[in-house]
2 protein chains.
Amino acid sequence: MDLPIALDSHLSQPLHTQLYEALRQAILTGRLPPSQRIPSTRSLAQSLGISRTTVTQSYEQLLSEGYLQAIVGSGTYVCAQLPDDLLCSTQVELNTKQDPVPVKLSQQGTRLTKALSSLSSEPKSVISFRYGRPALKDFPIDLWRRLLSRYCTAGSDWLDYASDFRGYFPLREAIARYVARARAVQCDPEQIIITNGTQQALDIVMRLLIDPGDAIAIEDPGYLSARRVFLSYGADLRPIPVDESGLRVEFLCNGKNKNGEKKIRLVYVTPSHQFPTGSTLSLPRRLELLAWAQQNNALILEDDYDSEYRYGDRPIPALQGLDRNHAVIYISTFSKVLFPSLRIGYLVVPSHLVVPFTQAKWLSDRQLPTLEQQVLTEFIADGHLECHIRKMRSRYDQRRQVLVQALKTHFGDRVRVLGEKAGLHIMVRINIDLDEEEIIRRAANDGIGLMSARPCYLNSSCNSSLDSSCNPETNPDLMAKRSCEFVFGYSELDELQIQVGINRLAKALEL
Amino acid sequence: MDLPIALDSHLSQPLHTQLYEALRQAILTGRLPPSQRIPSTRSLAQSLGISRTTVTQSYEQLLSEGYLQAIVGSGTYVCAQLPDDLLCSTQVELNTKQDPVPVKLSQQGTRLTKALSSLSSEPKSVISFRYGRPALKDFPIDLWRRLLSRYCTAGSDWLDYASDFRGYFPLREAIARYVARARAVQCDPEQIIITNGTQQALDIVMRLLIDPGDAIAIEDPGYLSARRVFLSYGADLRPIPVDESGLRVEFLCNGKNKNGEKKIRLVYVTPSHQFPTGSTLSLPRRLELLAWAQQNNALILEDDYDSEYRYGDRPIPALQGLDRNHAVIYISTFSKVLFPSLRIGYLVVPSHLVVPFTQAKWLSDRQLPTLEQQVLTEFIADGHLECHIRKMRSRYDQRRQVLVQALKTHFGDRVRVLGEKAGLHIMVRINIDLDEEEIIRRAANDGIGLMSARPCYLNSSCNSSLDSSCNPETNPDLMAKRSCEFVFGYSELDELQIQVGINRLAKALEL
């Protein structure tokens with residue numbers, strides 16, 4: 001056997017490792033074929049001019065790993081069990097791989113890819129009125145870094161999981177106090193489960209409570225990311241219209257149950273700032289919804305996003321705090337108040353659901369990083385959170401006013417602004433002689449990013465629930481009429497950018 | 001109407017807010033009942049000695065929030081729509097709440113709670129031989145803190161999501177280079193999806209590929225946390241025995257398919273260090289498994305945990321790198337190498353599965369914190385990861401030797417040690433005249449934490465697959481025989497603790 005093996009005693013790699021590697025490569029590339037007898041340790045040592053111990057070491061490793069086999073009284077051979085056609089695999093480039101094993105996605109996988117088929121990164125714009133993100137420039141980075149350094153030290157427990165599966169206990173205590181104060185949520189830290197933002201909270205609720213075909217009532221228009229999660233679990237979505245007081249509870253129609261439809265198990269609402277219309281669920285509607293849930297043994301999933309930002313009047317207490325029947329699962333997040341990549345949100349669940357929710361979180365991905373939980377705990381407990389919210393509320397308020405004023409100045413009565421009393425976005429209905437695609441296209445050409453409200457509608461042929469003219473019963477020529485609704489986020493832009501943006505938009509639309 | 005309202009002009013809260021709050025409380029507590037007419041703004045202003053504008057402001061807010069309603073030509077009333085029985089809810093203590101709305105868990109929820117029914121925090125021990133966690137004392141905390149401070153700065157993009165849904169691109173590049181070098185994994189950064197550790201990677205694989213009733217072949221004994229995820233998705237588990245060369249591939253029996261059983265869709269393996277037996281899947285077995293997967297259109301889920309720690313011989317290349325049929329989904333994590341609460345793992349998926357995996361991660365919980373991804377990127381790219389692994393490998397090697405030696409010294413031939421060539425634990429079979437529960441109880445009494453290997457077995461009546469005497473065909477009195485197997489983690493203990501621990505254990509067992 002003539003095997004070119006080059007060993008170099010000047011390398012840091014020991015000789016026996018070099019020899020091991022050379023032989024292994026020869027086997028894997030087929031230069032040493034299966035069942036090939038290889039030289040005895042003595043003869044190979046002689047031919048390479050190295051010690052027999054070195055060769056023995058290499059052979060032993062190859063034997064232990066199954067590349068070689070020893071046959072007593074005969075010698076050492078390349079393992080015969082190696083299937084020929086796989087031998088040269090480590091040398092094969094990716095593009096010469098065979099056809100992949102065909103993969104059938106699960107039902108959930110299929111639903112999920114369908115629900116997310118339109119998922120794409122947003123286009124770059126000079127001035128983008130995108131929504132759902134706080135003003136990152138105003139985040140107190142130096143303070144956050146100091147807190148990170150304070151907790152990222154020896155002797156701390158930040159390297160390990162929190163001892164409670166639900167998350168770091170002091171954080172859950174701080175959250176319980178905060179939501180009691182700010183949102184009149186009534187809960188014990190035991191009922192709080194820390195999640196990776198709202199998205200995971202929604203996923204866990206679906207996992208635990210929804211089987212394919214189960215009915216979920218949703219606001220229409222509503223929050224697209226929630227709808228996608230619901231669809232991925234095969235939920236039967238029942239769209240309920242919204243008006244300036246939020247969800248129109250009278251349209252929840254479990255009483256009828258025509259065609260043997262399943263009863264609604266869960267109602268998903270965004271009561272603080274209905275997404276995208278921006279209306280607030282009024283107190284009578286809240287009480288009506290809670291009564292309906294009790295009568296129908298349904299649960300309420302309260303996504304309290306944007307509750308921190310209310311301009312003018314005081315916030316209405318959360319549904320959770322008004323509930324007497326343990327029917328509300330409350331969701332909130334710090335991503336929209338602090339920064340998106342923080343990934344800390346929480347669930348407040350009724351006491352009798354704490355165990356399955358804890359188990360579901362643990363099974364999903366264990367826990368969140370402890371360090372961030374510790375930093376956030378101090379950030380809340382020392383009052384930085386509420387201070388930051390106060391500061392940002394006044395800043396966002398100014399931006400909101402500038403945006404509304406600029407729209408009125410440039411568009412006059414061709415725009416209608418909705419939902420400006422709260423949150424980080426407004427909904428704007430534009431009535432001009434251009435269709436939606438054309439408006440977005442012209443805006444984009446001038447570097448202005450606009451977001452249509454259309455994807456928020458379950459049935460996008462009617463996207464104007466706040467307008468009675470959109471009711472097909474009263475307005476039969478609805479399908480011919482197109483109204484253009486946009487969601488204008490203003491949190492990331494300063495006043496000048498907003499003014500320039502709307503000015504440029506008006507010019508692009510030739511107003 | 002005589003309503004005690006106390007306003008204080010010295011408070012920072014404006015008078016109209018104080019009045020609003022007082023009226024709101026009166027309505028919510030029932031002191032102002034539904035349909036009660038309230039004073040005119042003029043008369044209330046007079047009686048309280050404040051301006052009429054102040055009263056009007058308060059009334060308007062209460063009107064807008066639905067607490068009050070105005071009837072034209074008549075006056076202002078407490079809203080009649082407030083159901084009586086809910087009015088005092090904000091005053092109600094938690095313990096007087098009504099019975100909760102009955103909640104039926106979903107099928108997945110039910111399976112999940114069943115799979116996790118035994119989940120509990122581990123008991124505190126003075127010396128615990130628990131496993132699966134690195135030595136936190138040896139983690140380079142100062143370096144990590146410096147990197148955190150470096151990236152946690154203004155002008156950085158750490159506050160926002162990474163622009164790629166799969167995770168921070170430079171991290172995926174660094175991982176692709178690392179796994180190519182260390183594990184012979186052949187992949188492009190495009191195939192890498194960052195996950196919250198192995199747990200979430202397993203969850204995403206199940207979500208996308210497994211419907212209830214689908215068959216998954218698992219190692220028996222095997223990794224309990226993986227099994228729990230599989231069970232929560234309703235998988236039909238097919239236990240395959242393992243021996244000192246890992247999974248016994250010849251037991252994968254899709255050829256037979258007796259009783260119209262479903263074909264195996266997925267084989268879950270821990271080839272670097274089979275959990276818990278510690279054996280390494282030999283090269284011939286690897287090639288055999290890959291060939292079997294190709295013939296049977298099955299996928300292989302390679303959980304390459306503990307691949308970093310191999311004592312003596314070199315690691316065998318990952319299945320992923322030997323595969324030519326895009327049949328391997330590769331999972332690994334940094335939690336076991338760096339620290340548990342880091343929560344960064346990754347999936348390497350075949351190119352044609354990248355899209356659904358990206359979507360599933362996004363829908364589960366969006367992304368991981370960007371800051372940690374940036375820090376880890378530099379930690380890998382600057383060589384700190386491999387340096388740390390080298391340092392720890394020699395440290396763990398010493399601990400492992402001390403543990404094996406101590407067991408031999410104190411237990412002699414009453415112990416058999418398995419799987420000591422790799423990883424952070426060994427499996428130990430103890431043959432003494434005590435049953436498992438008694439051994440654990442006595443150890444715990446002396447402050448020694450022991451972990452039974454029993455939960456790793458699918459059918460815990462037979463927990464000795466490495467022992468041919470456990471085969472019911474050759475050993476019919478198996479059920480009467482009890483063998484005691486334990487998993488001994490040694491990574492968190494120093495040499496002295498290990499020696500003291502085993503010494504104390506031997507005394508507790510009266511050897």
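Predicted, not measured: the structure shown is a model, and the values here were computed from it. Lettering follows sequence order; numbering is per chain, from 1.
For the options A:Thr110, A:Leu208, A:Asp142, A:Thr280, heavy-atom pairs under 4.5 Å to chain B are most numerous at A:Leu208. Of all the listed residues (B:Ala201, B:Ala360, B:Ala293, B:Ala115), the one sharing the greatest number of non-hydrogen pairs under 4.5 Å with chain A is B:Ala360. Between chain B and the residues A:Ser351, A:Gly109, A:Pro340, the most heavy-atom pairs under 4.5 angstrom are made by A:Pro340. Taking chain B as the reference chain and counting heavy-atom pairs below 4.5 Å, the highest number among A:Asn297, A:Leu281, A:Ile204 is found for A:Asn297. Contact count against chain B (heavy-atom pairs under 4.5 Å) is highest for A:Leu136 among A:Asp164, A:Leu202, A:Leu136. With chain A as the partner, the residue from B:Ile210, B:Thr198, B:Val355 showing the most heavy-atom pairs under 4.5 Å is B:Ile210.
In this structure the side chain of A:Ser232 reaches within 4.5 angstrom of the side chain of B:Leu363, judged on heavy atoms. Between A:Ile141 and B:Leu159, the closest side-chain pair of non-hydrogen atoms falls below 4.5 Å. The shortest distance between side-chain heavy atoms of B:Ser149 and A:Ser149 falls below 4.5 Å. Using a 4.5 Å heavy-atom threshold, the side chains of B:Trp362 and A:Gln199 count as separate. Using a 4.5 Å cut-off on side-chain heavy atoms (C-beta onward), A:Arg133 and B:Asp160 make contact. Counting heavy atoms from C-beta on, the side chains of A:Pro356 and B:Leu105 come closer than 4.5 Å. In this structure, B:Cys79 and A:Pro284 have side chains that are in contact, with non-hydrogen atoms separated by less than 4.5 Å. Annotation: side chain of B:Pro317 is in contact with side chain of A:Arg24 (closest heavy-atom distance under 4.5 Å).
Interface residue B:Arg343: only side-chain heavy atoms are found under 4.5 Å from chain A. In this structure, the portions of B:Lys104 lying under 4.5 Å from any heavy atom of chain A include both its backbone and its side chain. Heavy atoms closer than 4.5 Å to chain B are found in both the backbone and the side chain of A:Gln107. If you measure heavy-atom distances from A:Glu372 to chain B, the contacts under 4.5 Å come from the side chain alone. The part of A:Leu353 that comes within reach of chain B is its side chain, from C-beta onward, which places non-hydrogen atoms under 4.5 angstrom from that chain. For A:Thr17, the part lying under 4.5 angstrom from a heavy atom of chain B is the side chain only. In this structure, the portion of A:Leu148 lying under 4.5 Å from any heavy atom of chain B is its side chain and not its backbone. For a residue to count as touching a neighbouring chain, one of its non-hydrogen atoms must lie under 4.5 Å from one of that chain's; by this rule B:Leu116 touches chain A with backbone and side chain alike. The part of A:Glu21 that comes within reach of chain B is its side chain, from C-beta onward, which places non-hydrogen atoms under 4.5 angstrom from that chain. The parts of A:Pro369 that come within reach of chain B are both its backbone and its side chain, each placing non-hydrogen atoms under 4.5 angstrom from that chain. Contact annotation for A:Tyr161: both backbone and side-chain heavy atoms come within less than 4.5 Å of a heavy atom of chain B.
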Step by step, would you call B:Ser335 with A:Arg366 a side-chain hydrogen bond (donor to acceptor under 3.5 Å, both in side chains)? CA-CA 11 Å; B:Ser335 308; A:Arg366 304 265 158 112; over 6 Å; no
Run B:Leu209 and A:Ser106 through side-chain contact (heavy atoms from CB on, under 4.5 Å) and show every step you take. CA-CA 5 Å; B:Leu209 300 175; A:Ser106 68; 5.6 Å; no
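With sequence neighbours excluded, the residues forming a side-chain contact (heavy atoms from CB on, under 4.5 Å) with B:Thr358 are B:Phe165, B:Arg166, B:Ile193, B:Val354, listed by chain and number.
To the nearest 0.5 Å, the span separating CG on B:Leu342 from CH2 on A:Trp158 amounts to 8.5 Å. A distance of 12.0 Å separates CG of A:Asn196 from CD of B:Gln367, quoted to the nearest 0.5 Å. Between B:Arg228 atom CZ and A:Gln359 atom CD the span is 9.0 Å, to the nearest 0.5 Å. The CG atom of B:Leu283 sits 10.5 Å away from the CG atom of A:Leu68 when rounded to the nearest 0.5 Å. Here CG of A:Leu112 is found 10.5 Å from CZ of B:Phe357. Values are rounded to the nearest 0.5 Å.
Panel note: side chain A:Thr370, backbone B:Ser341; no donor-acceptor pair is recorded below 3.5 Å. Side-chain atoms of B:Arg145 come within 3.5 Å of backbone N or O of A:Cys152 as a donor-acceptor pair.
The stretch residues 201-210 of chain A participates, sequence neighbours left out, in these salt bridge (Lys or Arg N to Asp or Glu O under 4.0 Å) pairs: A:Asp203-A:Arg207, A:Asp203-B:Arg207, A:Arg207-B:Asp203.
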